[in-house]
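These numbers were taken from a predicted model, which means no experiment stands behind them. We name chains A, B, ... by the order of the sequence lines, and we start the count at 1 in each one.
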2 protein chains.
Amino acid sequence: MVSLREVALRAGVSPSTASIALRGDKRVKTDTRERVIEIAHALGYVPNGSARDLKRKSKQIIGVLLHDLGGPFYSEVLRGIQHRMHDSGFTPIVGCSAPGNHGALTRLLLEQRVDGAIVLDPLVDKEALIRIARRGLPIVVLDREISESGIYSVMANHEQGAYHATQYLLEEGFRSIAFISGPDDSTHSKARLAGFCRALAQTRQRGVCAGIYAGNFTEDSGCEIAYQIMRDQGRHRVDAVFAANDEMALGVMKAFADVGVVIGQEVAVMGFDDILIAQYARPALTTVRQPMYDIGYHAADLICRALVQDRSSLPTEAVVFPMQLVVRESTKKTTFEGGI
Amino acid sequence: MVSLREVALRAGVSPSTASIALRGDKRVKTDTRERVIEIAHALGYVPNGSARDLKRKSKQIIGVLLHDLGGPFYSEVLRGIQHRMHDSGFTPIVGCSAPGNHGALTRLLLEQRVDGAIVLDPLVDKEALIRIARRGLPIVVLDREISESGIYSVMANHEQGAYHATQYLLEEGFRSIAFISGPDDSTHSKARLAGFCRALAQTRQRGVCAGIYAGNFTEDSGCEIAYQIMRDQGRHRVDAVFAANDEMALGVMKAFADVGVVIGQEVAVMGFDDILIAQYARPALTTVRQPMYDIGYHAADLICRALVQDRSSLPTEAVVFPMQLVVRESTKKTTFEGGI
DNA sequence: GTGAAAGCGCTAACAC
DNA sequence: GTGTTAGCGCTTTCAC
């Protein structure tokens, strides 16, 4: 492996001169500089990253920690990160934090191979992140909140998303809406339920809430609860079901379809998350989406700023993005009536 | 940042002793060893990766280069890689090679931050990879072939996949099959066409080939060509269309559906790749799939073996995996006849 | 303008 | 058993 010393040797200069020359520093005479550069190029010299990292303080690399690599959800976030990082001088490197918080977290963050990190994994231990931040590594956490100097949060406003979605259902004229929550320990589920309740509390209509059912975010639980809703609806027919995530909403649609209830016409179904399948479901599922590209872009922006600017200019509160309502067929009464 | 020297200082030993002690080496007395470990733990000491990488030859990190991070195609490959790497001592780190071959490729491979690399990106310059391999870094390329010592290829057998798919169409009784190829410069398209032709050449039937049309892998081109096929079919009706990728197949289905031709019943459509949408199409698209998990697993296996075993035990030829036929509704005549 | 020297934090010989 | 020494490849004062 060709080292700087070798380049210097062949160019007849000292390693230190070669080092500055290769960065195009004007301090070294033009012809020496060009000679060094040419020789380095001819030899295929590339500086050793470890050696340079060791000497310099900065590595110009940002670690991105995901729970599991791949998956359509992450891809948009990564696109946002890449776009912001592009031409910033920083390179994003992605690791998977899944296997026992080991591997990538250790290699990238603990062993100081990166200058900063973006963490999108609810399972990465909060204390571990705080410890790392205390060591001086800026961290942006996505979709969760950690109050600690050096840790920045970027997330979507789930409460507002659910509020907005519920308002839409009310505007469309639905008057008996059931809500299916996720597991109790999910902050997302809580926030979504809160948004649902706030929208109902604001409306003049009474008795719109047709029950709040406890699901567990799985398609099966959505399916079961849909049957339960059908059994329960004695006095007033439920005309809309708002599930706290898309998987459950799909389960609900399946159950209704199985007993011949026409989705959209007889009952509306609202999901949450906009997973990929939502748009391919039949009818396509109306749902609420996080602005994932924006979240990634902003996360990258925060990290870059934390590394080049004064950190006091950065927000101490979580940066919250509004969620977007994606209206599709599952909440449209006109679906099969020749409407647009 | 707490360094080994500091740990050693507080433990009252030399850095070298601390270094060995921390690795649990029996050479140092048990109580010294435990004291060092305890102090290191108390101080939150983690060795500096750059320093260690610089000293040791190996880094225990494998770079995975993808064209664009995210996307359902990659996620299975990554799963396979992770499973194989797990407990191997190596940690996979993913970088994106897209922006002008810069960034991740430089940072990870050129600057020697990894021990080996898995490259899944047709656009990464072949010469660059060869140069890197010559420097001693083992590389596994996926879905392409590079003949060079130190570069190993893992790929799916596209020719066999297309052959198999065509045979299936023949067995199902289709007797007038049109093929839509991809762009001329695509080796995949060529291989798929070759498989199609081989299957037809083997059959006793004459005149099964109802034309080979040149598409460009886009949905639009599939759509256009479908219309052309309908115009062309003067003497014998085409009863099946085999598109060299799923996007084109979906375009074909769209075109047929638009003019009221019932897919499955009146004409069969076969795709290639099994992109995610294939299973959500209506009717669901019969297609051919790469064993992506296996490919990832095997790629990781090759890299690990290249790093710990004698390289002479590794294959010099590309490792080729068979593709899997995924039968769905778009090639089933019985779709709407009450069949299973 | 250029080179000598020191050192980033760690590991591995070799001495004691 | 433990410490001393040297050095991985690079950058960075500071002399000349």
Remember a base hit wins even if backbone is also touched, and classify G49(A) as base, sugar-phosphate or nothing at under 4.0 Å, heavy atoms.
->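 Nothing, no nucleic acid heavy atom in range.
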Quick one: bend of the helix from dG1(C)-dC16(D) to dC16(C)-dG1(D) from 5 pairs per end, to 10°?
->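 It comes to 40° between the two terminal axes.
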Give a yes-or-no answer on whether the side chains of S19(B) and R23(B) include a donor-acceptor pair shorter than 3.5 Å.
-> yes
How many angstroms lie between atom NE2 of H158(B) and atom CD of Q290(B), to the nearest 0.5 angstrom?
->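 Going from NE2 on H158(B) over to CD on Q290(B), the span is 4.5 Å.
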Could you identify which residues of residues 34-41 of chain B place a heavy atom less than 4.0 Å from some atom of DNA chain C, listed by residue number, or say none?
-> none
Would a distance-only check, ignoring hydrogens and angles, find a side-chain to backbone donor-acceptor pair under 3.5 Å from [X] to [Y]?
X       : Y       : answer
R33(B)  : A21(B)  : no
D115(B) : I62(B)  : no
R144(A) : D121(A) : yes
S186(B) : P183(B) : no
T91(A)  : I61(A)  : no
R135(A) : L110(A) : yes
K59(A)  : K57(A)  : yes

Residues forming a side chain to side chain donor-acceptor pair (under 3.5 Å) with R27(B), sequence neighbours excluded |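 With sequence neighbours excluded, R27(B) shows a side chain to side chain donor-acceptor pair (under 3.5 Å) to D25(B), given in chain and number order.
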For N48(A), enumerate each residue passing the side chain to side chain donor-acceptor pair (under 3.5 Å) test, keeping only those at least two apart in sequence or located in another chain.
-> none
How would you give the extent of chain B contacts on DNA chain D, as first and last nucleotide 5' to 3' within a 4.0 Å heavy-atom cut-off?
->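 First and last nucleotides in contact are dG1(D) to dG9(D).
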Quick one: are the ring centres of H83(A) and Y293(A) less than 6.0 Å apart?
-> yes
Contact letters for nucleotides 7-16 of chain C, in which S counts primed atoms plus P, OP1 and OP2 and B counts the base, heavy atoms under 4.0 Å | BBBBBB----
